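Here the structure is laid out as structure tokens; the discussion comes afterwards.
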Amino acid sequence: MSRAVNVEQVFREERGRLLATLVKRFGDLDLAEEVTSDAIEAALRHWPVDGVPDRPGAWLLTTARRKAVDRLRRDRVHAARLALLQVEVDRADPPAGDALPDERLELFFTCAHPALPAEDRGALTLRCLAGFTTPEVARAYLVPVATMQQRIVRAKKKIREARIPFRVPDPHELPERLPGVLQAVYSIFTEGYAAQRADLAEEAIRLARILHGLLPDREVTGLLALMLLVHARRDARAELLEDQDRALWDRDMIAEGSALAERALTGGYGPYGVQAAINAVHDEAPDFASTDWPQIVALYDVLLKLVPSPVVALNRAAAIAMRDGPAAGLALLDELAAEPKLRDYHPYRAARADLLHRLGRTTEAAQAYREAIALAGTGSEQDFLRRRLTATEEQA
């Protein structure tokens, strides 16, 4: 037994592996969560007194399996499963090595299964793989705890009733299934970014590192690169990139993200890899004036072919405005005005307001800022837009 190991760090690293192992063994997410919690509670009682075991994962797994036997013994419906499990617990030695078998990749695909509503996948990923409590998940998504509890219960019920398998998809299935897993992780990051919660963004990066270690696919690499390159600017957070103090950017993180972005684009292109490359161009520029806008526009041209969405077209128009001038960008934005997805999308109104302001059309710019404020979702976004509106009105 060792007393020097940080207990919380052990739980953080081992909980996801433990839960994944138990889900695979029992085929029941609820039971696996319950006995995972039981094992951690037991560790909290014993480890402060006895010290952290040399093989904490093995200790937790052995304890959890015995807790499962105790729970199933009280449930006659599971008598047959209990008999099999009791034999396994009696015969099984702790797992070899210093850690649990790593079956978290299966859990990633279960939590992000396409049979689940998209809004539930990120929440379930946080709950199961990051070990967040339900109140913590609710805080991450800015919803009431009761609402999040219902969503998580609904998702687990769907997994059980639809018999969603706990497995990694076959190679021919991966192109269809992997994007859902990546989106679930990225949604956690974007929630953290929007709420200016570095802890949530860092948890998403940690999950992406785990996923990348288990499945070093090109787009997994691109996702990790994208999040690193965006998060590297966290300490200089400002609404506009041109206003950020680049001396505060994390250069080590930028170097890592840029190397991963280059690797993600080797031999082909994927949406996350291209977005990472765009952010690498931003991060590698010594100042805003030196940004290679022609390269960014070229990358957006590629991204628009991969993801032909109005939001990508909006970002491309903003880049063209920087390359060719505000009038060129505004013409493209006006072409997008009829897009239903942009009608209530406040960044579209804000981008249009900025270009109108730069063209000296201050009355129209002020109106566009008011429209953007009405649509903005967070207080920080509204505050920024109000400051821009005030500056515009002062120049009118």
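Here the structure is a predicted model, which is why all the values come from computation and not from measurement.
- Between Ile164 and Phe109, the closest side-chain pair of non-hydrogen atoms is not below 4.5 Å.
- Both Leu240 and Ile373 are part of a single hydrophobic cluster, where members link through side-chain heavy atoms under 4.5 Å apart.
- Here Leu182 contributes atom CG and Leu211 contributes atom CG; the two are 6.5 Å apart, rounded to the nearest 0.5 Å.
- Rounded to the nearest 0.5 Å, atoms CG (Asp102) and OG1 (Thr21) are 7.5 Å apart.
- Transitive grouping of hydrophobic side chains (ILVMFWY, heavy atoms separated by less than 4.5 Å) keeps Val312 and Tyr193 in distinct clusters.
- By the 4.0 Å N-to-carboxylate-O rule, Lys158 lies too far from Asp120 to be salt-bridged with it.
- No more than 12 heavy atoms of other residues, nucleotides or ligands shown are found within 6.0 angstrom of OH on Tyr269.
- One N or O on the side chain of Ser187 and one on the backbone of Ala184 form a donor-acceptor pair closer than 3.5 Å.
- Taking all atoms of both residues into account, the shortest heavy-atom contact from Leu18 to Ala64 is CD1-CB, 4.3 Å.
- Contact check for Arg349 versus Arg343: side-chain heavy atoms found under the 4.5 Å cut-off.
- For the pair Arg246 and Phe288, the cation does not sit on the ring face, since its NZ or CZ is not both under 6.0 Å from the ring centre and inside 45° of the axis.
- For Glu176, the CD atom sits in a loose shell: 12 or fewer heavy atoms of surrounding residues, nucleotides or ligands are nearer than 6.0 Å.
- At a threshold of 4.0 Å, the pair Arg154-Glu119 counts as salt-bridged, since one of the basic side-chain nitrogens sits closer than that to a carboxylate oxygen.
- Comment: Glu34 does not engage Lys156 in a salt bridge, judged by the lack of any side-chain N to carboxylate O separation of less than 4.0 angstrom.
- Taking 4.0 Å as the cut-off between side-chain N and carboxylate O, Arg139 and Glu136 do not count as a salt-bridged pair.
- The minimum heavy-atom distance linking Leu116 with Leu124 is given by the pair CD1-CD2, 4.0 Å.
- In the hydrophobic clustering of this structure, Leu336 does not group with Leu332; members are Ile, Leu, Val, Met, Phe, Trp, Tyr whose side-chain heavy atoms approach within less than 4.5 Å, directly or through other members.
- A centroid separation of 6.0 Å or more is found between the aromatic rings of Trp249 and His231.
- Summarising the geometry of Ala277 relative to Ala261, their closest heavy-atom pair is N-CB, 4.2 Å, with the distance given to 0.1 Å.
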Derivation of the salt bridge (Lys or Arg N to Asp or Glu O under 4.0 Å) call for Arg370 and Glu393
CA-CA 11 Å; Arg370 293 187 193 98; Glu393 289 175 333; 2.9 Å; yes
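- For Asp28 and Arg160, the salt-bridge test fails: no basic side-chain N is under 4.0 Å from an acidic carboxylate O.
- Under 4.0 Å is where a charged nitrogen must lie from a carboxylate oxygen, and between Asp354 and Arg358 at least one such pair does.
- Heavy atoms from other residues, nucleotides or ligands lying under 6.0 Å from CD of Glu262 number 12 at most.
- With Phe189 as the partner, the side chain to side chain contact (heavy atoms under 4.5 Å, CB included) test is satisfied by one option alone out of Leu207, Leu200, Val230: Val230.
- Considering only heavy atoms from C-beta on, Tyr272 comes within 4.5 Å of Gln183 through its side chain.
- Counting heavy atoms from C-beta outward, Leu107 and Phe166 have side chains that approach closer than 4.5 Å.
- Two different hydrophobic clusters hold Leu314 and Trp293 under the rule that ILVMFWY side chains link at heavy-atom gaps under 4.5 Å.
- Put simply, CD1 on Ile188 and CD on Glu202 are 14.0 Å apart, with the number rounded to the nearest 0.5 Å.
- Between the OH atom in Tyr186 and the CG atom in Leu223 there is a gap of 8.0 Å [rounded to 0.5 Å].
- Between Leu306 and Pro271, the closest heavy-atom pair is CD1-N, 3.9 Å.
- Between the side chains of His282 and Thr291, no donor-acceptor pair of N or O atoms lies under 3.5 Å.
- Remark: side-chain polar atoms of Arg352 are not paired, donor with acceptor, to backbone N or O of Leu333 under 3.5 angstrom.
- One finds the CD atom of Glu256 at 7.5 Å from the CE atom of Met253 (value rounded to the nearest 0.5 Å).
- Arg233 contributes no side-chain N or O that, together with a main-chain N or O of Leu241, makes up a donor-acceptor pair within less than 3.5 Å.
- Taking 4.5 Å as the limit, some side-chain heavy atom of Trp47 sits within range of a side-chain heavy atom of Pro56.
- Using a 4.0 Å cut-off between charged side-chain N and carboxylate O, Glu103 and Arg25 make no salt bridge.
- Arg167 places no side-chain N or O within 3.5 Å of a backbone atom of Thr110 that could act as its donor or acceptor partner.
- The closest side-chain heavy-atom distance from Leu228 to Arg209 is below 4.5 Å.
- The residues Arg127 and Glu33 are annotated as salt-bridged, a charged nitrogen and a carboxylate oxygen being separated by less than 4.0 angstrom.
- Side chain of Asp170 to main chain of Glu173: no donor-acceptor pair is present (N/O by atom type, distance under 3.5 Å, no hydrogens or angles).
- Between Ser309 and Lys341 the shortest side-chain heavy-atom distance does not fall below 4.5 Å.
- Heavy-atom contacts from other residues, nucleotides or ligands closer than 6.0 Å to CZ of Arg218 number more than 12.
- Ile254 and Asp283 get closest at one heavy-atom pair: CG1-OD2, 3.7 Å.
- Put simply, Tyr345 and Tyr300 are part of two different groups of oily side chains (I, L, V, M, F, W, Y) that touch within less than 4.5 Å, one to the next.
- Between Tyr348 and Glu339, the closest side-chain pair of non-hydrogen atoms is not below 4.5 Å.
- Ionic pairing of Asp70 and Lys67 is not present here: no N-O contact between side-chain nitrogen and carboxylate oxygen is shorter than 4.0 angstrom.
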